[in-house]
Amino acid sequence: MKRKLNLFFITIVVMAFAIAADVFIIFQLENYETRFLEIYGAEQDGYVNIILAQINNLGDDATEQDITQIISSLDSTASRYWTLSKGDSILFVKSVTETNRYKGFTDGTYYASDSAAAFMDSLHANQVNHGIIYLDNDRFVASGMMFNWQKDQYRVCLLTYDRVILEDNILLECKNSIIIILSMILALLVILSMAMSRKINRQERLIAEQDKQVVWQNKQIALLDERMKREYAFSASKNVFKSVVLDEFLQKLDQKNAAPLHFVVFEADSEEARDAFLEHMQFVLDNHVLRFSMEEYRVLLIFVCYERKVSEKIIETLWDWNIRKVGNFYCEDNANSYQSQFESFWKEVFAK
């Protein structure tokens, strides 16, 4: 659950980063546009200086109409045009037709926005200034200055609509290319993050399933190992039991009503001979013959559920010059307990 939360958190962080990067890119592009417009405004200032030089060359005999004629003769479009005002009165705006609309109005009526009014107030005599202003929600690069003519104060401005500059084919192509490439990179980042998160989730589910399988297999192996240990511990063909557990085995055989039993006692000359004999019995006797190591180098064999002639035939083959048979007892049934019958047999054998 913790891993899933971590992956979900990572995906959210990547998406948040992509959104933040997108916002940052848009913000930087806006700054880029603003800075580009300011550079354009500096270039535009030179054109205003040229017009001022033409006005100054009119001489003292020129009239206000001559100044207006110079401004109106300049190329003007809806996207780029001139304005001329005397004091607070508008003399010319864009064209003769547009000028007639503003006759009798102050320049504050046309430059009504805060940015435009601030720009007009910042103009100084014979010093060109530029700025970015807004008129009716449209953005313009404005270059203008104040000049004195025959004791009157005039303000001339050149306004260029920002889209004329920014939507230039090469500039617009570069801008759109940047936006498209960065958007594709951010989208690819988000897609890769989601794909990696999904892949990691699948891998974690697979690992969890494999872990469960390993745990189950380990449990099965442990159960099999425990079962084999139990089987090996009580396997007559693989173990030699001590005399201290003889009574317990006889009780178990009595409870299971295993009959008949054939007891055979051997005696060795040394511990090495006894151990060699017991090791040899591991290969010649089956799982139905119990082997016990008794005191004083003695060996007890118990044939369980063997017919007498079969067990005796096997016993006759169990001889060696370092070990000898000292007694045997065939117990038909357990009418009397196996333990009591064995004790009587044991006393009789070694009482001789």
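Note that the coordinates shown come from a computational prediction; the quantities given were computed from them, not determined experimentally.
What you find for Trp346 and Glu295 is that their closest heavy atoms are CZ2-OE2, 3.7 Å. Taking every heavy atom of both residues into account, Ser143 and Gly41 meet most closely at OG-O, 3.3 Å. Asn334 and Gln341 get closest at one heavy-atom pair: CA-NE2, 4.0 Å. Smallest separation of non-hydrogen atoms from Asp333 and Ala335: OD1-N, 3.1 Å. Looking at every heavy atom in both residues, Gly144 comes nearest to Leu123 through O-CD2, 3.3 Å. Across all their heavy atoms, Pro260 and Cys331 have their closest contact at CB-O, 3.1 Å.
More than 12 heavy atoms of other shown residues, nucleotides or ligands fall within 6.0 angstrom of atom CD in Gln54. Other residues, nucleotides and ligands place no more than 12 heavy atoms under 6.0 Å from the CG atom of Asp114. When the shell of 6.0 Å around CD of Glu38 is examined, it contains more than 12 heavy atoms from other residues, nucleotides or ligands. With a 6.0 Å radius and a threshold of 12 heavy atoms from other residues, nucleotides or ligands, Gln203 has its CD atom above the threshold.
Interatomic distance, Leu290 CG to Leu246 CG, rounded to the nearest 0.5 Å: 9.0 Å. Atoms CZ and OG1, on Phe92 and Thr83 in that order, are 9.0 Å from each other to the nearest 0.5 Å. Residue Leu278 holds its CG atom at 10.0 Å from CG of Leu285, rounded to the nearest 0.5 Å. Between atom CG of residue Leu74 and atom CG of residue Leu84 there is a gap of 10.5 Å, rounded to the nearest 0.5 Å. Atom CG of Leu158 is separated from atom CG of Asp45 by 9.0 Å, given to the nearest 0.5 angstrom. Rounding to the nearest 0.5 Å gives a distance of 4.5 Å between CZ of Arg139 and OH of Tyr134.
With contacts defined as side-chain heavy-atom distances shorter than 4.5 Å, the pair Lys309/Lys313 does not qualify. A heavy-atom distance below 4.5 Å is found between the side chains of Val299 and Arg274. Annotation: side chain of Met120 is in contact with side chain of Cys157 (closest heavy-atom distance under 4.5 Å).
Neither Val265 nor Tyr297 shares a network with the other; the hydrophobic side chains, linked directly or stepwise wherever heavy atoms of I, L, V, M, F, W or Y lie under 4.5 Å apart, form separate groups for each. There is no path of hydrophobic side-chain contacts, each under 4.5 Å, that joins Ile39 to Ile132. Both Leu253 and Val245 are assigned to one and the same hydrophobic cluster, defined by single-linkage of ILVMFWY side chains at heavy-atom distances under 4.5 Å. Put simply, Val349 and Tyr330 are part of two different groups of oily side chains (I, L, V, M, F, W, Y) that touch within less than 4.5 Å, one to the next. A continuous path of hydrophobic side-chain contacts links Val244 to Met294 [ILVMFWY only; heavy atoms under 4.5 Å].
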Just do the side chain to side chain contact (heavy atoms under 4.5 Å, CB included) check on Glu248 and Phe241 with the steps written out, would you?
-> CA-CA 11 Å; Glu248 182 180 352; Phe241 303 102; over 6 Å; no

Give the intermediate values and the outcome of side chain to side chain contact (heavy atoms under 4.5 Å, CB included) for residues Val289 and Met281.
-> CA-CA 9 Å; Val289 182; Met281 294 304 98; over 6 Å; no

Go through the steps to decide whether Glu316 and Lys325 satisfy the test salt bridge (charged side-chain N to carboxylate O under 4.0 Å, His left out), and finish with yes or no.
-> CA-CA 9 Å; Glu316 291 302 322; Lys325 183 177 71 172; 3.7 Å; yes

Show the numbers, then the answer: is there a side chain to side chain contact (heavy atoms under 4.5 Å, CB included) between Ser85 and Tyr110?
-> CA-CA 11 Å; Ser85 61; Tyr110 188 80; over 6 Å; no

Before giving the answer on side chain to side chain donor-acceptor pair (under 3.5 Å), spell out for Asp121 and Tyr111 the whole-Å C-alpha distance, their side-chain angles and the decisive distance to 0.1 Å.
-> CA-CA 11 Å; Asp121 293 338; Tyr111 295 101; over 6 Å; no

What do the steps show when you test Leu135 against Leu159 for side chain to side chain contact (heavy atoms under 4.5 Å, CB included), and what is the final call?
-> CA-CA 10 Å; Leu135 298 175; Leu159 305 180; 4.0 Å; yes

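Between the side chain of Asp254 and the main chain of Leu250, no donor-acceptor pair closer than 3.5 Å is present. In this structure, Tyr306 contributes its side chain and Ser311 its backbone to no donor-acceptor pair below 3.5 Å. With hydrogens and angles disregarded, no donor-acceptor distance shorter than 3.5 Å links the side chain of Arg155 to the backbone of Met145. Not one N or O on the side chain of Ser293 forms a donor-acceptor pair closer than 3.5 Å with the backbone of Lys242. Of the possible polar contacts, none joining the Tyr154 side chain to the Glu64 backbone as a donor-acceptor pair under 3.5 Å is found. With hydrogens and angles disregarded, no donor-acceptor distance shorter than 3.5 Å links the side chain of Gln153 to the backbone of Met146. In this structure, the side chain of Asp286 engages the main chain of His288 through a donor-acceptor pair within 3.5 Å. No donor-acceptor distance shorter than 3.5 angstrom exists from the side chain of Asn56 to the backbone of Ala53, with no hydrogens or angles considered. Although no hydrogens or angles enter the test, the distance criterion places a donor-acceptor pair under 3.5 Å between the side chain of Gln44 and the main chain of Val141.
Between Glu279 and Arg291 there is no salt bridge, since no side-chain nitrogen of the basic residue lies less than 4.0 Å from a carboxylate oxygen of the acidic one. In this structure, Arg101 pairs ionically with Glu98, as a charged nitrogen and a carboxylate oxygen lie closer than 4.0 Å.
The aromatic rings of Phe292 and Phe249 stand perpendicular to each other, their planes meeting at an angle above 60°, with 30° marking the opposite boundary. By the 30° and 60° cut-offs, the orientation of the rings of Phe342 relative to Phe263 is tilted. Taking the six-membered ring where tryptophan is involved, the planes of Tyr47 and Trp82 are perpendicular, since the angle between them exceeds 60° and thus also 30°.
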